[in-house]
Chemist: 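What follows is a structure written as structure tokens; I'll ask about it next.
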Amino acid sequence: MSTSTWGDKIELPALTFTGGRRLNGKSQGTATFNIKDPAAAEVVTKASLMPWERMLVAQWEGEAVYAGFITNVRQLNGVVTVQHEDIWTLWERRHVLTVRGDGDQSAAPITWTNKTLATHANLVVNRGMTGSPASRYELPLIMDADVVGSHTRTWYGYKFTSVLEALKEIMESDGGPDVDFDPQWDNGTETFRWVMRSGNLTQGKWEWDATAPETEVRDFDLEADASDLTNRYIGTGEGSERSLLVRNRDSFTGSGPALETVQSFDTPDGGILQGWVDANLSVMDEYTLQTGFRIPTTGEVPIKDLLPGGTVRMQSTGQLFLDHGWHDWRMIGFDFDRDWITIQIQQTGG
């Protein structure tokens, strides 16, 4: 598909294809094509695989489930291997600026006041789509209208903050939103678009019984991870030496030794810094349970129905760090190929 018209669809016969989708972050994959096959060679061309000018879209039952910008093409012994990355990789290369060059260092800061954090996420993405030439910056991306809230954010041109950095700052704030970009076909125009989802993303619920004799669940992999466990979180902001801005929070749960984390943040605002400290400690003061499992692409739940952020209810048994029975988990992402969907989940309750 063309990234200038967001149309011009060409069906490419892939030997293999992998992709995925992540809550709050990037997914990527590969596709391979056998150009020794005359039918494939007819459509698998330099023009159809031009990096950044073309995008690979995977669809299931006519619905888009993944879209990746082509970033690398390699040919070996008649097989072409294409690497592709989803829209999150673009936010690494777009910035929250007004001038986009010489002049940003002295330009007035960009300040948005009285908005929800989800709206702030939308605003920085929208800023990343604003530039000259407009046709090269604009994207077919739909987002919600602004919502009034209590949060203010200021972005200084001299810091040349990327959209990805700004999104991380907002998402990691206390009460920060989740962000996801839903790939879609616009059936009215036969073109592609994304719908930006930001906020408390909980839509979707799916249930599997991993203990059932005929279960679709394969390779249930449970990990109890305490590598980032912290009792005292110290955040530093702007300033130097004795004038350094510092905020901290404690949470001495459990009975192990005291564990400290010190992290620096790029902010002069003590309230914002405290929010980051609180948000980070809230997910680091205990070990985390995370698991993955596979289901067949031909199973009861098609890939087109999966949404990051939704609830997975699963029954399991025989796990050291998990009681037997039903537990609720949050879907944080999934990967897929032609045969299997690998789902990543984190526990949210029992």
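What you are looking at is a predicted structure, and each value in this text was computed from that prediction instead of being measured.
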Chemist: Is there a donor-acceptor pair closer than 3.5 Å between any side-chain N or O of T119 and the backbone N or O of V147?
Modeler: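 Checking the backbone N and O of V147 against the side chain of T119, a donor-acceptor pair under 3.5 Å is found.
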Chemist: Apply the side-chain contact (heavy atoms from CB on, under 4.5 Å) test between W155 and each candidate in V96, T98, T111, L123; give the one that qualifies.
Modeler: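 Passing option: V96.
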Chemist: Evaluate the side-chain proximity of D250 to N231: yes if any heavy-atom separation is below 4.5 Å, no if none is.
Modeler: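 They are not in contact (no side-chain heavy atoms under 4.5 Å apart), so the answer is no.
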Chemist: What residues, two or more places apart in sequence or in another chain, satisfy side-chain contact (heavy atoms from CB on, under 4.5 Å) together with E138?
Modeler: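 E138 satisfies side-chain contact (heavy atoms from CB on, under 4.5 Å) with A134 only.
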Chemist: Are the side chain of T291 and the backbone of D221 linked by a donor-acceptor contact shorter than 3.5 Å?
Modeler: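 Answer holds: yes.
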Chemist: Check whether any side-chain heavy atom of L12 lies under 4.5 Å from a side-chain heavy atom of L56, and answer yes or no.
Modeler: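 Side chain of L12 against side chain of L56, heavy atoms only: contact under 4.5 Å found.
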Chemist: Whether the side chain of H95 engages the backbone of W91 through a donor-acceptor N/O pair (distance < 3.5 Å, no angle test) should be reported.
Modeler: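 Checking the backbone N and O of W91 against the side chain of H95, no donor-acceptor pair under 3.5 Å is found.
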Chemist: Tell me, which pairs form a ring pair (Phe, Tyr, Trp, His ring centres under 6.0 Å) where one or both residues lie in residues 209-256, sequence neighbours left out?
Modeler: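 Checked against ring pair (Phe, Tyr, Trp, His ring centres under 6.0 Å) - neighbours excluded - no pair reaches residues 209-256.
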Chemist: With E216, which residues qualify under side-chain contact (heavy atoms from CB on, under 4.5 Å), at least two apart?
Modeler: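 Expected list: W208, P296, E300.
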Chemist: Without swapping roles, check the side chain of T311 against the backbone of R330 for a donor-acceptor pair under 3.5 Å.
Modeler: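 No.
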Chemist: Suppose the criterion is ring pair (Phe, Tyr, Trp, His ring centres under 6.0 Å): which pairs have a residue in residues 15-46, not counting sequence neighbours?
Modeler: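 For residues 15-46, and leaving out neighbouring residues, the ring pair (Phe, Tyr, Trp, His ring centres under 6.0 Å) pairs sorted by first residue read F17-H84.
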Chemist: Once rounded to the nearest 0.5 Å, what's the spacing between atom CG of L15 and atom CG of N34?
Modeler: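 So the gap between those two atoms works out to 5.5 Å.
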Chemist: Within the structure provided, determine whether F334 and I345 are in side-chain contact (heavy-atom separation under 4.5 Å).
Modeler: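 A side-chain contact is absent here, since even the closest heavy-atom pair is not under 4.5 Å.
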Chemist: Stepwise, does the side chain to side chain contact (heavy atoms under 4.5 Å, CB included) test hold for I35 with V79?
Modeler: CA-CA 6 Å; I35 58 174; V79 175; over 6 Å; no
Chemist: Between S4 and S2, is any side-chain donor less than 3.5 angstrom from a side-chain acceptor?
Modeler: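 Looking only at side-chain atoms, S2 and S4 do form a donor-acceptor pair, the distance falling under 3.5 Å.
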Chemist: If every non-hydrogen atom of V65 is compared with every non-hydrogen atom of P183, which pair is closest and at what distance?
Modeler: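 Nearest pair, atom of V65 first, then P183: C-CG, 3.7 Å.
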Chemist: Say whether, by atom type as modelled, one donor and one acceptor occur between the side chain of T215 and the main chain of A212 under 3.5 angstrom.
Modeler: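 No, T215 side chain to A212 backbone: no donor-acceptor pair under 3.5 Å.
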Chemist: Which pairs count as side chain to side chain donor-acceptor pair (under 3.5 Å) when at least one residue sits in residues 120-137, sequence neighbours excluded?
Modeler: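 Checked against side chain to side chain donor-acceptor pair (under 3.5 Å) - neighbours excluded - the pairs reaching residues 120-137 are N122-S198.
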Chemist: Would you call Q347 and L322 a side-chain contact if the rule is heavy atoms closer than 4.5 Å?
Modeler: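 Yes, at least one pair of side-chain atoms sits under 4.5 Å.
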Chemist: Do T261 and T230 meet the criterion of a side-chain donor-acceptor pair at a distance under 3.5 Å?
Modeler: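 Judged by distance alone, the side chains do pair up.
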Chemist: Is the cationic atom of R294 (NZ for Lys, CZ for Arg) positioned less than 6.0 Å from the six-membered ring centroid of W340 and within 45 degrees of its normal?
Modeler: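 Output yes; distance and angle both within limits.
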Chemist: Between V246 and I234, is a side chain to side chain contact (heavy atoms under 4.5 Å, CB included) present by the stated rule, with each step listed?
Modeler: CA-CA 7 Å; V246 178; I234 304 168; 3.8 Å; yes
Chemist: Tell me the ring pair (Phe, Tyr, Trp, His ring centres under 6.0 Å) pairs involving residues 37-64, sequence neighbours left out?
Modeler: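 Matches after skipping sequence neighbours: W52-F69.
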Chemist: For I70 and M50, run side chain to side chain contact (heavy atoms under 4.5 Å, CB included): C-alpha distance rounded to whole Å, both residues' side-chain angles, the deciding distance at 0.1 Å, then the answer.
Modeler: CA-CA 7 Å; I70 296 173; M50 185 61 68; over 6 Å; no
Chemist: For the OH atom on Y158, are there more than 12 heavy atoms of other groups (residues, nucleotides or ligands in this structure) within a distance under 6.0 Å?
Modeler: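 Enclosed: over 12 neighbouring heavy atoms sit under 6.0 Å from OH of Y158.
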Chemist: What pairs of residues pass the salt bridge (Lys or Arg N to Asp or Glu O under 4.0 Å) test when at least one of them lies in residues 188-213, not counting sequence neighbours?
Modeler: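 Every salt bridge (Lys or Arg N to Asp or Glu O under 4.0 Å) pair that includes a residue of residues 188-213, provided the two are not neighbours, is K9-E190, D180-R197, D186-R193.
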Chemist: State, yes or no, whether a side-chain contact exists between P13 and V43 at a heavy-atom distance under 4.5 Å.
Modeler: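 Side-chain contact under 4.5 Å: yes.
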Chemist: Side chains of Q346 and Q290: donor-acceptor distance under 3.5 Å anywhere?
Modeler: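 Q290 and Q346 do have a side-chain donor-acceptor pair below 3.5 Å.
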Chemist: Is there side-chain contact between V82 and T32, with at least one heavy-atom pair below 4.5 Å?
Modeler: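 A side-chain contact under 4.5 Å is absent here.
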Chemist: To the nearest 0.5 Å, how far apart are OG1 in T5 and CE in M1?
Modeler: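 Output value for this atom pair is 7.5 Å.
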Chemist: A121 and P177: which non-hydrogen atoms are nearest, and at how many Å?
Modeler: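 That would be CB-CG, 4.4 Å.
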Chemist: Roughly how far apart are I170 CD1 and E165 CD, rounded to 0.5 Å?
Modeler: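 CD of E165 is found 12.0 Å from CD1 of I170.
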Chemist: With no hydrogens and no angle check, do the side chains of S227 and D225 hold a donor and an acceptor under 3.5 Å apart?
Modeler: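 Yes - a donor-acceptor pair under 3.5 Å links their side chains.
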Chemist: With the threshold set at 4.0 Å, does a side-chain nitrogen-carboxylate oxygen contact exist between R22 and D335?
Modeler: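 The answer is yes: the pair qualifies as a salt bridge.
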Chemist: Taking all non-hydrogen atoms of both residues, which atom of N77 and which atom of K36 are closest, and how far apart?
Modeler: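 Taking every non-hydrogen atom into account, O-CE, 3.3 Å.
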Chemist: Would you say L76 and V44 are hydrophobically clustered, going by side-chain heavy atoms of ILVMFWY under 4.5 Å?
Modeler: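 No.
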Chemist: With sequence neighbours left out, what residues match E238 under side-chain contact (heavy atoms from CB on, under 4.5 Å)?
Modeler: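 side-chain contact (heavy atoms from CB on, under 4.5 Å) check on E238 returns K159, D266, P268.
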Chemist: Can you list every salt bridge (Lys or Arg N to Asp or Glu O under 4.0 Å) pair that touches residues 281-290, not counting sequence neighbours?
Modeler: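 As it turns out, there is no salt bridge (Lys or Arg N to Asp or Glu O under 4.0 Å) pair with a partner in residues 281-290 once direct neighbours are skipped.
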Chemist: Is Q105 reaching over with its side chain to a backbone N or O of G103, donor-acceptor style, under 3.5 angstrom?
Modeler: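 Present.
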Chemist: Which residues satisfy the ring pair (Phe, Tyr, Trp, His ring centres under 6.0 Å) test with F192, sequence neighbours excluded?
Modeler: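 Listed in chain order: W185, W194.
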Chemist: Say whether, by atom type as modelled, one donor and one acceptor occur between the side chain of T3 and the main chain of E53 under 3.5 angstrom.
Modeler: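 It does hold such a pair.
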Chemist: Tell me the salt bridge (Lys or Arg N to Asp or Glu O under 4.0 Å) pairs involving residues 86-103, sequence neighbours left out?
Modeler: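 Qualifying pairs, neighbours excluded: K26-E92.
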Chemist: Given the rule that I, L, V, M, F, W and Y join up when any side-chain heavy atoms are under 4.5 Å apart, are L141 and L167 in one cluster?
Modeler: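 Yes.
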Chemist: For W276 and S173, which I'm curious about, is there any donor-acceptor pair between the side chains at under 3.5 Å?
Modeler: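 Side-chain D/A pair, W276 to S173: present.
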Chemist: Would L281 and D278 count as a side chain to side chain contact (heavy atoms under 4.5 Å, CB included) here? Give the steps.
Modeler: CA-CA 5 Å; L281 183 63; D278 294 347; over 6 Å; no
Chemist: Which Ile, Leu, Val, Met, Phe, Trp or Tyr residues join V195 in one cluster when any pair of side-chain heavy atoms under 4.5 Å counts as a link?
Modeler: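 Answer for V195: I142.
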Chemist: CD/E172 to CG/N24 distance, rounded to the nearest 0.5 angstrom?
Modeler: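 Here the rounded value is 9.0 Å.
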Chemist: What are the two closest non-hydrogen atoms of L306 and W206, and how far apart are they?
Modeler: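 Here L306 and W206 meet closest at CA-CZ2, 3.8 Å.
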Chemist: To the nearest 0.5 Å, what is the distance between CG on L97 and OH on Y156?
Modeler: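 The distance works out to 14.5 Å.
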Chemist: Got a second to check how far T267's OG1 is from Q274's CD, nearest 0.5 Å?
Modeler: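 Interatomic distance, T267 OG1 to Q274 CD, rounded to 0.5 Å: 12.0 Å.
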